[in-house]
Protein chains: 2
Amino acid sequence: MTSTLTHTEENYLKAIYKANERTKKAVNTNTIASYMNTSAASVTDMMKKLAQKDLIIYEKYKGAKLSPEGSKTATSVIRKHRLWETFLVQKLGFSWEEVHEIAEELEHIKSDELIARLDKFLGYPKYDPHGDPIPNAEGKFTLREQILVAQLKKGAKGILVGVQNHETSFLAHLNHCNISLGSLIFIKDRSKFDRSVHVIVDDHEETLLTEMVSKNLLVRPL
Amino acid sequence: MTSTLTHTEENYLKAIYKANERTKKAVNTNTIASYMNTSAASVTDMMKKLAQKDLIIYEKYKGAKLSPEGSKTATSVIRKHRLWETFLVQKLGFSWEEVHEIAEELEHIKSDELIARLDKFLGYPKYDPHGDPIPNAEGKFTLREQILVAQLKKGAKGILVGVQNHETSFLAHLNHCNISLGSLIFIKDRSKFDRSVHVIVDDHEETLLTEMVSKNLLVRPL
DNA sequence: ATATATTTTTAGATTAATCTAAATATTATA
DNA sequence: TATAATATTTAGATTAATCTAAAAATATAT
Ligand SMILES: [Mn+2]
Ligand SMILES: [Mn+2]
Ligand SMILES: [Mn+2]
Ligand SMILES: [Mn+2]
């Protein structure tokens, strides 16, 4: 039944899952190509293969969506990715901007027993170091109330619970601003000109966030 | 310089390293084929490729040996394998017969920083769960006095420090006999007929070990 | 030393993942 | 609705790792 997939196949499924998270509609070839950093032609080839294996539903020129089986696999890979990131930060002392690349490799290690034990070792964490929810063994995960800093009104406050962008450079920028998960963000002012946001972090640090930054910060509003 | 190798290339280097450990001479094609569970023809192809990359010294019909660079890589993969096995047993609670397969995958994760931190997390272990020495970051490892149970005289004693065979079935057999690393082995008697050995384990458990078993147990003689 | 057996290499295919360029389909625009 | 622009697929190659079968080299045994 669950035949063993290549790393590449798993990565394609993950890409479709992520692309589909927001849109809900079938994901088009170019979108997948950009997620996977590859050519549209390669994507088409892979779509045929994954459809053949019943991991996706694919119609020529119409895009792809995950089948139940494909969805299960994608969720499992994401679970592994996030558990490993948690391990790297909590047990090995890495910081949050260093772990994504390594987890991209670790997420493909096959043993289910390994993941079950890792989960237990970490104390069944609900969120990873970037605030992303960790699916449980059944693929379900805990969502929470969240809103972009870009959408907070002047004078409002929120606790940072997640980031949309996981690039090392972005996270390093947040470190530089003394912003981390759990930080209290207060919107002191918003510029109408360039939509940058003047914030106060944890009641003392004043910082100007560009629109790009504010659109990648998720807070639980207070 | 240290270009990134495929899992397969790393596995070939490891196979050559292991085959060479005892013999010291160039390793022949069929030996590598049997280590790698592949055909002689495939091995020849790979030998050309590895020689091209200066990871081995290879002469047609004469066999292969590792170059300094190849040796460094092989040692590094072995270091990773043994550190991961140690992690799996000491931190995740796996038993020694369950970890080899998983470590075969984990040993190819690339980050040097990861391994440095894992080593530290584990307290810089010198030996893995099978008693095999763990090379340090420079590739050096600590050897120790050891002899096969098959070579112990009647009436002699030794402490189990290693096993030559890592197969799950072999290790499970030892579990069944209540033999583990650190066990005290006393040679009560040896059969001249089939070279089986009658031993007493930890001063109480009496067991008969076949020659095959006694040739795979390494002890520090007392 | 000659024949036989074994080992190793070469030749020719195959499968997975990728590419570029050309062809085709879809969508947007005038 | 034609036409142009964009998106997608197909065609034809390439590289890595593998295979089987045949050829060539080496080792063993009369
Ligand atoms: Mn990540
Ligand atoms: Mn993450
Ligand atoms: Mn092992
Ligand atoms: Mn081991």
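Reminder, nothing fancy here: chain letters follow the sequence lines and each chain counts from 1.
Going from atom CG of Asn28(B) over to atom C1' of dT8(C) covers 10 Å, rounded to whole Å. The CG atom of Asp45(B) sits 10 Å away from the C1' atom of dC19(D) (whole-angstrom rounding). Computed from coordinates, the Met46(A) CE to dT8(D) C1' distance equals 17 Å when rounded to whole Å. Following rounding to the nearest Å, Met36(B) (CE) and dC19(D) (C1') show an atom-to-atom distance of 15 Å.
At least one cation-pi condition fails for Lys18(A) and Tyr35(A): the charged atom is not both under 6.0 angstrom from the six-membered ring centre and inside a 45 degree cone around its axis.
Place Met47(B) and Ala40(A) on DNA chain C by their nearest nucleotides, and Met47(B) ends up nearer the 5' end. Take the nearest nucleotide of DNA chain C for Ala41(B) and for His7(A): the residue whose nucleotide is more 5' is Ala41(B).
Residues Glu113(B) and Arg117(B) are paired through a salt bridge, judged by an N-O separation under 4.0 Å between the basic side chain and the carboxylate.
Applying the 4.0 Å criterion to OP1 and OP2 of dT18(C), one finds that Ser42(A) has every side-chain N and O outside that range. Look at Thr44(B) and you won't find any side-chain N or O under 4.0 angstrom from OP1 or OP2 of dT10(C). Within the 4.0 Å cut-off from OP1 or OP2 of dT18(D), not a single side-chain nitrogen or oxygen of Thr38(B) is found. Contact check, Tyr12(B) against dA16(D): no side-chain N or O comes under 4.0 Å of OP1 or OP2. OP1 or OP2 of dT10(D) lies within a sub-4.0 Å distance of a side-chain N or O belonging to Lys48(A). Between dT8(D) and Asn30(A), a contact under 4.0 Å exists linking OP1 or OP2 to a side-chain N or O.
Asn11(B) and His108(B) share a donor-acceptor pair across their side chains, judged by distance under 3.5 Å alone. Counted by atom type alone, Asp132(B) and His166(B) present one or more donor-acceptor pairs between their side chains at under 3.5 Å.
Side-chain atoms of His130(A) come within 3.5 Å of backbone atoms of Trp96(A) as a donor-acceptor pair (strictly under, hydrogens ignored). Judged by distance alone, with hydrogens and angles left aside, the side-chain atoms of Thr86(B) form a donor-acceptor pair with the main-chain N or O of Arg82(B) at under 3.5 Å.
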How far apart are the C-alpha atoms of Glu104(A) and Lys14(A), what are their side-chain angles, what is the distance that settles it, and do they pass the salt bridge (charged side-chain N to carboxylate O under 4.0 Å, His left out) test? CA-CA 11 Å; Glu104(A) 284 294 311; Lys14(A) 204 173 49 149; 3.1 Å; yes
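Within the 4.0 angstrom heavy-atom criterion, only backbone atoms of the sugar-phosphate kind lie near Thr29(A); the bases stay farther away.
The stretch residues 52-65 of chain A comes close to DNA chain D through Tyr58(A), Lys60(A), Tyr61(A), each having a heavy atom under 4.0 Å from the strand.
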